[in-house]
> 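The structure's right below; bear with me while I get my questions together.
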Amino acid sequence: QLQLVESGGGLVQPGGSLRLSCAASGFPLAYYAIGWFRQAPGKEREGVSCISRRGGTNYADSVKGRFTISRDNAKNTVYLQMNSLKPENTAVFYCAARLAILQDVCPMTDDSYVYWGQGPQVTVSS
């Protein structure tokens, strides 16, 4: 069964960078679309970015030009590079996987995903 383990969260000053990792085990990640979602205090979970099985990507308008999603199928890992972080980016970040062997799609809605990581905290503060 597919399992997702996240790492890379922590505290960073405004303008700084973090890289989140989502490592999969139990099944080749190449068969899945992967999404990154975040949930800030008092707010609903929202999509940040996603990458399809063949590498197509989507980004929330608020992070375009600052965040980059990528996948390394040889390492069975997906990354989210976050640059120029802002205090409003403070949230718990989750990676999630959706089986994509029938269609090569990359939805940004969280109810489309089945497998979820454990969501490390990202705090942007001086």
Side-chain angles (χ1 to χ4, degrees):
Q1 191 67 41
L2 180 69
Q3 293 181 315
L4 302 176
V5 178
E6 298 181 46
S7 62
L11 175 65
V12 65
Q13 294 186 351
S17 298
L18 285 174
R19 189 182 72 163
L20 303 180
S21 298
C22 179
S25 62
F27 205 83
L29 199 57
Y31 291 101
Y32 294 84
I34 305 297
W36 286 96
F37 301 84
R38 66 187 177 194
Q39 188 166 20
K43 302 179 69 175
E44 295 184 356
R45 188 165 57 195
E46 63 178 352
V48 177
S49 183
C50 63
I51 186 166
S52 73
R53 183 174 64 84
R54 298 188 64 181
T57 59
N58 289 308
Y59 295 91
D61 288 341
S62 62
V63 307
K64 287 181 179 178
R66 299 188 297 117
F67 290 12
T68 303
I69 190 171
S70 62
R71 65 191 304 157
D72 186 339
N73 289 339
K75 295 183 178 180
N76 226 25
T77 301
V78 173
Y79 305 96
L80 183 67
Q81 178 68 44
M82 304 185 294
N83 299 326
S84 301
L85 283 163
K86 305 174 181 180
E88 54 263 41
N89 298 142
T90 294
V92 175
F93 281 72
Y94 302 91
C95 69
R98 180 183 187 272
L99 188 64
I101 58 175
L102 298 179
Q103 295 182 356
D104 187 27
V105 296
C106 179
M108 290 280 283
T109 54
D110 57 4
D111 58 0
S112 299
Y113 293 82
V114 177
Y115 306 97
W116 290 81
Q118 294 303 115
Q121 174 75 40
V122 172
T123 301
V124 185
S125 176
S126 60

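All values below were derived from every heavy atom in this structure, side-chain atoms included, with hydrogens, water molecules and symmetry-related copies excluded.
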> So how far is it from S126 OG to L11 CG, rounded to the nearest 0.5 Å?
9.5 Å
> Is it true that I69 and Y115 fall in one hydrophobic cluster, defined by side-chain heavy atoms closer than 4.5 Å?
yes
> Under a 4.5 Å cut-off applied to non-hydrogen side-chain atoms, are C22 and L20 in contact?
no
> Does atom CD of E44 have more than 12 heavy-atom neighbours, drawn from other residues, nucleotides or ligands, at distances under 6.0 Å?
no
> Of the non-hydrogen atoms in C50 and P107, which two are nearest, and what is the gap between them?
SG-O, 3.8 Å
> Say whether L85 and Y94 are linked into one hydrophobic cluster, either directly or through other cluster members, by side-chain heavy-atom distances under 4.5 angstrom.
no
> Does Q103 have more than 12 heavy atoms from other residues, nucleotides or ligands lying within 6.0 Å of its CD?
no
> R38 and side chain to side chain contact (heavy atoms under 4.5 Å, CB included): which single residue from N89, V92, L80 fits?
N89
> Please confirm whether the backbone N or O of S52 pairs with a side-chain atom of D104, one donor and one acceptor, at under 3.5 Å?
no
> If Ile, Leu, Val, Met, Phe, Trp and Tyr residues are connected whenever their side-chain heavy atoms lie under 4.5 Å apart, and connections chain through other members, are L99 and I51 in the same group?
yes
> Are side-chain heavy atoms of V124 and E88 found at a separation under 4.5 Å?
no
> Give me the atom names and distance for the closest heavy-atom approach of G47 to A60.
O-CB, 3.6 Å
> Working to the nearest 0.5 angstrom, can you tell me the gap between S62 OG and K86 NZ?
7.5 Å
> Hey, could you give me the CZ/SG distance between R53 and C106, rounded to the nearest 0.5 Å?
12.5 Å
> So with a 6.0 Å cut-off around CD of Q118, is the heavy-atom count from everything else above 12?
no
> Only pairs at least two apart or in different chains count here, so list each ring-ring contact (aromatic ring centres under 6.0 Å, His included) that has a residue in residues 34-53.
F37-Y113, F37-W116
> Between S84 (side chain only) and G15 (backbone N and O only), is there a donor and an acceptor less than 3.5 Å apart?
no
> How far apart are the closest heavy atoms of V122 and G9, and which atoms are they?
CG2-CA, 4.3 Å
> Between Y32 and V114, is there shared hydrophobic-cluster membership here, with clusters defined by ILVMFWY side-chain heavy atoms closer than 4.5 Å?
yes
> Considering only residues two or more places apart or on different chains, which pairs with a residue in residues 41-81 satisfy ring-ring contact (aromatic ring centres under 6.0 Å, His included)?
none
> Restricting to ring pair (Phe, Tyr, Trp, His ring centres under 6.0 Å), what partner residues turn up for Y31, sequence neighbours left out?
F27
> Check whether N76 reaches the backbone of L29 with its side chain - one donor and one acceptor, N or O, closer than 3.5 Å.
yes
> Less than 4.5 Å apart, side chain to side chain, heavy atoms only: is that true for N73 and R71?
yes
> Drop me the distance from T68's OG1 to R19's CZ, to the nearest 0.5 angstrom.
12.0 Å
> Tell me if a side-chain donor or acceptor on E6 pairs with a main-chain N or O of C95 at a distance below 3.5 Å.
yes
> Hey, are the side chains of R66 and M82 touching, using non-hydrogen atoms and a 4.5 Å cut-off?
no
